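Below you'll find the structure, written out as structure tokens, and then a few comments.
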Amino acid sequence: MAGTANSSYEGFTAEERAAMKEHAQEQKKAARRASRADKAAEALRDVLAKIAEMRDPDRVMAERVHAVVTANAPALEPKLWYGMPAYALDGKVVCFFQSAEKFKARYATLGFNDLAKLDDGPMWPTAFALTEVTAEVEERIGELVRRAAG
């Protein structure tokens with residue numbers, strides 16, 4: 001990619017480097033777990049602990065997203081992914097919650113990976129900005145995760 005004389009690549013941000021380190025630790029921790037049931041229970045505890053660490057309003061939104069995802073798509077298994085609460089099918093992340101604070105963003109994000117197959121014509125959203133989780137937002141999230149897990 002061509003650059004200009006005024007631009008210079010600074011590498012990954014501190015937040016991005018921290019997320020990559022968290023991901024490496026998650027992978028090591030998962031490899032040490034014994035049975036599949038132990039892995040699932042530990043992954044759920046990790047997700048709930050990560051959510052509990054968040055500050056309001058991210059924590060409140062993450063708790064609601066977690067409740068909606070687990071109620072509407074029980075086939076999706078909670079796990080940490082780059083230090084974010086995520087939900088996987090057969091070990092592959094389908095969707096995730098990214099707090100605004102994690103990357104110093106203006107809003108939290110509910111994101112979907114390509115495995116979710118939310119295809120809708122030639123263009124569709126794969127990430128949604130969240131500033132509040134209302135009843136209407138919960139219904140929309142439920143609809144999306146049901147489609148993603150189906």
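All figures in this text were calculated on a predicted structure; none of them were measured in a lab.
- Relative orientation of the Phe96 and Trp81 rings is tilted, given thresholds of 30° and 60° on the angle between their planes.
- Counting heavy atoms from C-beta outward, Asp114 and Phe112 have side chains that stay 4.5 Å or more apart.
- Tracing side-chain contacts under 4.5 Å through hydrophobic residues (I, L, V, M, F, W, Y), one reaches Val137 starting from Val145; they form part of the same cluster.
- Separation of atoms CZ (Phe97) and CE (Met54) is listed at 5.5 Å; rounding is to 0.5 Å.
- Of all heavy-atom pairs spanning Leu76 and Cys95, the tightest one is CD1-SG, 4.3 Å.
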Exercise. When you look at Arg147 and Leu118, which way does the side chain to side chain contact (heavy atoms under 4.5 Å, CB included) test go after all the steps?
Worked result: CA-CA 7 Å; Arg147 283 179 50 202; Leu118 296 177; 4.0 Å; yes
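- Sparse packing is recorded around CZ of Phe12, with 12 or fewer heavy atoms of other residues, nucleotides or ligands lying under 6.0 Å away.
- The side-chain hydrogen bond (donor to acceptor under 3.5 Å, both in side chains) search around Lys79 returns none, not counting sequence neighbours.
- Between Gly121 and Trp124 the shortest heavy-atom distance is O-CZ3, 3.0 Å.
- A salt bridge is defined here as a Lys NZ or Arg NE, NH1 or NH2 lying under 4.0 Å from an Asp or Glu carboxylate O, and Lys102 with Glu22 meets this definition.
- Residues satisfying the side-chain contact (heavy atoms from CB on, under 4.5 Å) criterion with Thr13, sequence neighbours excluded, are Glu15, Glu16.
- Heavy-atom minimum distance, Ala149 versus Leu89: O-CD2, 4.2 Å.
- Taking CG of Leu130 as the reference point, atom CZ of Phe128 lies at 9.5 Å (rounded to 0.5 Å).
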I'd like a table of donor-acceptor pairs (distance under 3.5 Å, sequence neighbours excluded) in which one partner is a side-chain atom from residues 62-75, with atom names and distances.
from: Glu63; atom 1: OE1; to: Arg59; atom 2: NH1; distance (Å): 3.3
from: Glu63; atom 1: OE2; to: Arg59; atom 2: NH1; distance (Å): 3.0
from: Arg64; atom 1: NE; to: Glu138; atom 2: OE2; distance (Å): 2.6
from: Arg64; atom 1: NH2; to: Glu138; atom 2: OE1; distance (Å): 3.4
from: Arg64; atom 1: NH2; to: Glu138; atom 2: OE2; distance (Å): 3.0
from: His66; atom 1: ND1; to: Tyr87; atom 2: OH; distance (Å): 2.8
from: Thr70; atom 1: OG1; to: His66; atom 2: O; distance (Å): 2.9
from: Thr70; atom 1: OG1; to: Ala67; atom 2: O; distance (Å): 3.2
from: Asn72; atom 1: OD1; to: Arg146; atom 2: NH1; distance (Å): 2.3
from: Asn72; atom 1: ND2; to: Val68; atom 2: O; distance (Å): 2.9

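- Contact between Glu26 and Tyr82 at its shortest, heavy atoms only, is OE1-N, 3.0 Å.
- Between the OG1 atom of Thr126 and the CG atom of Leu144 there is a distance of 11.0 Å, given to the nearest 0.5 Å.
- Minimum interatomic distance between Leu80 and Pro85 (heavy atoms only, all atoms of both residues): CD2-N, 4.1 Å.
- Distance CE/Met20 to CD/Gln25: 13.0 Å, rounded to 0.5 Å.
- At most 12 heavy atoms of other shown residues, nucleotides or ligands fall within 6.0 angstrom of atom CG in Asp90.
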Exercise. Yes or no on side chain to side chain contact (heavy atoms under 4.5 Å, CB included) for Glu101 and Arg55, after CA distance, side-chain angles and deciding distance?
Worked result: CA-CA 8 Å; Glu101 182 181 15; Arg55 288 193 251 173; 2.4 Å; yes
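- How far CE of Met61 is from CD1 of Ile141: 9.5 Å, rounded to the nearest 0.5 Å.
- Taking a cutoff of 4.0 Å between a charged side-chain nitrogen and a carboxylate oxygen, Glu42 and Lys39 do not qualify as a salt bridge.
- Scanning both residues, Ala100 and Asp58, for their nearest heavy atoms gives N-OD2, 3.0 Å.
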